[in-house]
Colleague: 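This is the structure I have questions about; it appears just below.
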Amino acid sequence: MEENILNPKELFNELVVEEEGFRHLNNPADGIKPITKKYLGIPEKVEQLGNKFYFSDGDAKVEIIVVNEEIMRVRLAPHGVFLDDFSYAVPVLKNKPVPVTLTEDEKEFRLSTQIINCHVRKADFFISFSDKDDVITSADATPMHWEENAQFGGYYVYCTKECHPDENFFGLGDKPTELNLRGKRLSNWNTDAYSFNWNQDPLYRSIPFYITVNEGIAHGIFFDNTYKAHFDFGSEDRTKTSFWADGGELQYYYIHGPHMMDVVKSYHLLTGTHPMPPLWALGYHQCRWSYYPEAKLRMVAKGFRENKIPCDALYLDIDYMDGYRCFTWNRRYFPDPRKMIKELADSGFKTVVIIDPGIRVDDNYPIFKEGKEKRYFCRRSDDYFMEGHVWPGRCQFPDFTNPEVREWWGTLFDELVEMGVAGVWNDMNEPAVFGSGTFPDDVRHQYDGYRGSHRKAHNVYGMQMVRATYEGIRNIKKNKRPFTITRAGYSGVQRYASVWTGDNVASWEHLQLGNIQLQRLSVSGIPFCGTDIGGFSGEPDGELFTRWIQAGTFAPFMRAHSAGDTKEREPWSFGEPYTSINRKFIELRYRLLPYLYSAFWEHHRYGFPILRPVVMQEQSVLKNHFRQDEFTFGDKILICPVLRPGQKSRKVYLPKGQWYNFWTNEVVSGGDEVEVLTPLETIPVFIKAGAVIPEYPVMQYVNEKPIEEVKLNIYHSDYEANSFLFEDHGESFAYEQDIYSEKKFVVNGDTSSLVMNHSMEGLYTPRYDGYLFNVIGLPFVPAKVSIDGKDIEFAVNSDKILEFRHTKSFKHLEITN
Ligand code: GLC
């Protein structure tokens, strides 16, 4: 299969001297023939080194690491030498020594754990994976291959796998297209995409991780390669799925399911989860480009309190700075920022400020001077500093892939944090440059000692910027949780920041798109995500804005944001009936905070996503592979936003089981679509039978008042169901020392009873004394309520909800007829 290949050893000698692993070797002008494609040949032998296995065709080598029972990592070294094993996505490969057996017959080598097998075919080096029943889940359609590129002297690396007729694809970050990626061909190259369109590709983030579901079995592929990467899900050839990159190493993880949830959990095991956010960060955030001067910001703050619409965070966009110089203040607009931030905080508002990576070239600007003196800014291959125009004009850009630069950047937040700034919004970090789009390819990066060009560092630049921000603020605040948000990112960015989907548009199409993007980000390892509610550019009318607030109530990150040339965009800007409906939904968000916070804990601790598309609930139902409106928020609440104007009712698919219409408490059987009324006042919200949904009292901001009582909404079911309630201080890292409380509620019922058991773990005791119980959907007239054997007084209200109170310490509740 070889065509026109250089002597690999010769090439290797060149490879080791060049920092990035490549050189302009095969320039035809040098008299060397251009090189085209080369495929792996025939595997000659296998060597084992613990849980690492090395196969070779004589020249090329393939390494397969058994990471654990469900995950194997495959790497290809075209000329027998692996690049340094370094990854920003997987800082430490936590491989577990699990028993692996290596067997061989005339057809194949086979590596087996208790759960999966990896087959290396002797005839042609095809690599495939199967489950413990020997069902093949992933199989090469060609041997791994590569191409040496005459233009820049590197490799293109390719992997092509079989694609089955009913195989469907999910994940890959924030692609603005259908949830199911079957038939799509997409690329990863972080791009500032103002007012992006449906199907525009690529956008701001690069998450080279996808999940496939075929015949009810799911597995994931994580192609950990930071270069411009490409994915083809049966687009060019319906029978093939390919992923390839314009450089770097062919390195991917096979992650076994069999459920999509298992794949996402395992992906988080590799790349980490989001730390617990401060509780206030789950409240409502109000942003606009730009709230200035100070009087304007104060008016917005007043508007929230006067209109009694809860809000926890107000944002300052670029105009708070002096000439857009990062870490400075425009004193004309904000004469005394410290005082302003303090007074806003006194009325319950956290201040979040924007930071961009472009540092204005200005010798009178201390940050530029210091960065220049210490050579912290990125340089071109000829050693000149990389320059480009962004908001401040002529700028240079810190090399965030240099740990020393990250540390320096982190310290720059000292003053802002000390002034009381509560969060930092990292923007333009694709990196974006006006005119050229981004940096030229030849810009050099330190890349944590594994130096390389911008081709290698581009997709991780934004993630390393927000990492520097997060780690810096964490160092300054010590035991207080930072809050950071980022536009750009690469796999693993969830360890450092929440993410918003960038510059969307005030249109119904974008509301639909955002609904898909958030589900996709969630299954791609980015749990804390949101869209610019209302649309960044353009003008929504009251109906669109309200429908967006309603959908945003169930987004993990809830922030309204708009461009500076648009009309006022606060939740009361559209008058009635919109203001009241917006208030009702934002209040609902605050009521559900303990539920959302618990879902966040499930993410942080166990790797579950917060939003879960319907396909994740029932992946063996093929029709569900094409549903993209409905999703669950945590695992108990199903949402189906209204995504079209004037819609009076809409179809909603409910997964199998019993569901309660949240607004009417009517019980509906799942497993089919139901028609649901959608007056402007509501969107379809359903609660799973057996759920216990905790509610906090409505407050205008988190911690406005001490919580005296928590409401527990218990939904009767005729099967056993578990619910959790996680609580802690909400601001510190004490949860890392087990200072939290995780309560478990196990509900079971039948036609004449409901039983609930309650247990608790952790070292934190919430301050409130007791619960107000609301029991919904009892199929009998209750005659007796007892807690731990003692009878309790109760009442049944006009909505047939059974109500009673009790202290929070109890073990067993019984309701009988
Ligand atoms: C970018 C951001 C947007 C911000 C604007 C000004 O377009 O995506 O959110 O408001 O820059 O800073």
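We count residues from 1, following the sequence as given. Order of listing sets the numbers, starting from 1, for every ligand and every atom in it. Just so you know, these numbers use all the heavy atoms, side chains as well, and skip hydrogens, waters and symmetry mates.
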Colleague: Quick one: look at Tyr194 and ligand 1, take heavy-atom pairs under 4.0 Å, and tell me if it's side chain, backbone, both or neither.
Modeller: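 Neither; nothing of Tyr194 gets under 4.0 Å from ligand 1.
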
Colleague: Please could you name the atoms of ligand 1 that Phe536 approaches to less than 4.0 Å, counting only its heavy atoms?
Modeller: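 Under 4.0 Å from Phe536, ligand 1 has these atoms: 3 (C), 9 (O), 10 (O).
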
Colleague: Pairs of nitrogen or oxygen atoms closer than 3.5 Å, one from His561 and one from ligand 1: do any exist?
Modeller: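 So ligand 1 has an N or O lying under 3.5 Å from an N or O of His561.
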
Colleague: Would you kindly specify which portion of Trp500 sits under 4.0 Å from ligand 1, judged on non-hydrogen atoms: side chain, backbone, both or neither?
Modeller: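 The side chain, only.
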
Colleague: Arg481 versus Arg474: any side-chain heavy-atom pair under 4.5 Å?
Modeller: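 Contact flag for Arg481/Arg474 side chains = no.
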
Colleague: Is the Lys NZ or Arg CZ of Lys456 less than 6.0 Å from the centre of Tyr447's six-membered ring, within 45° of the axis?
Modeller: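 Yes, a cation-pi geometry holds between Lys456 and Tyr447.
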
Colleague: Is the ring pair His274/Phe528 parallel, tilted or perpendicular, if the boundaries are 30 and 60 degrees?
Modeller: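 Perpendicular: the ring planes of His274 and Phe528 meet at over 60°.
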
Colleague: Which heavy atom of the protein is the closest neighbour of atom 6 (C) of ligand 1, given with residue, atom name and distance?
Modeller: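 Here the closest protein heavy atom is Asp317 OD1, 3.3 Å.
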
Colleague: Kindly indicate whether a cation-pi arrangement holds for Arg288 with Tyr315, taking the cut-offs as under 6.0 Å to the six-membered ring centre and within 45° of the axis.
Modeller: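 No - Arg288 does not lie over the ring of Tyr315 by the 6.0 Å and 45° rule.
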
Colleague: Can you list the atoms of ligand 1 that are under 4.0 Å from a heavy atom of Trp425?
Modeller: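 Once the distances to Trp425 are compared, the set is 9 (O), 10 (O).
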
Colleague: Cationic tip of Arg644 within the cone over Trp508's six-membered ring, i.e. under 6.0 Å and within 45° of the normal?
Modeller: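 Judged by the rule, Arg644 and Trp508 form no cation-pi pair.
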
Colleague: Just let me know how Tyr315 lines up against ligand 1, side chain, backbone, both or neither, with a heavy-atom cut-off below 4.0 Å.
Modeller: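 It is neither; nothing of Tyr315 touches ligand 1.
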
Colleague: Under 4.0 Å from any heavy atom of Arg487, which atoms of ligand 1 are there?
Modeller: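 Once the distances to Arg487 are compared, the set is 1 (C), 2 (C), 7 (O), 8 (O).
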
Colleague: Considering heavy atoms of the protein only, find what lies nearest to atom 3 (C) of ligand 1 and give residue, atom and distance to 0.1 Å.
Modeller: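 The closest heavy atom on the protein side is Asp503 OD1, 3.4 Å.
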
Colleague: Might you work through the side chain to side chain contact (heavy atoms under 4.5 Å, CB included) test for Phe231 and Tyr210, ending with a clear yes or no?
Modeller: CA-CA 10 Å; Phe231 298 82; Tyr210 66 85; 4.0 Å; yes

Colleague: Can you find a side-chain donor-acceptor pair between Thr469 and Thr484 that sits under 3.5 Å?
Modeller: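 Distance-only check fails for Thr469 and Thr484.
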
Colleague: May I ask you to establish whether Arg559 and Trp425 are in a cation-pi arrangement, using a distance under 6.0 Å from NZ or CZ to the six-membered ring centre and at most 45° from the ring axis?
Modeller: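 Yes.
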
Colleague: Does any N or O atom in Asp532 lie less than 3.5 angstrom from one in ligand 1, N or O only?
Modeller: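 Among all N and O atoms of Asp532, none is under 3.5 Å from an N or O of ligand 1.
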
Colleague: Would you mind checking which non-hydrogen protein atom is closest to atom 1 (C) of ligand 1, with the distance to 0.1 Å?
Modeller: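 Answer, as residue, atom name and distance: Asp427 OD2, 3.1 Å.
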
Colleague: Is it the side chain (CB and beyond), the backbone, both or neither of Ile354 that lies under 4.0 Å from ligand 1, heavy atoms counted?
Modeller: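 Under 4.0 Å from ligand 1, Ile354 contributes side-chain atoms alone.
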
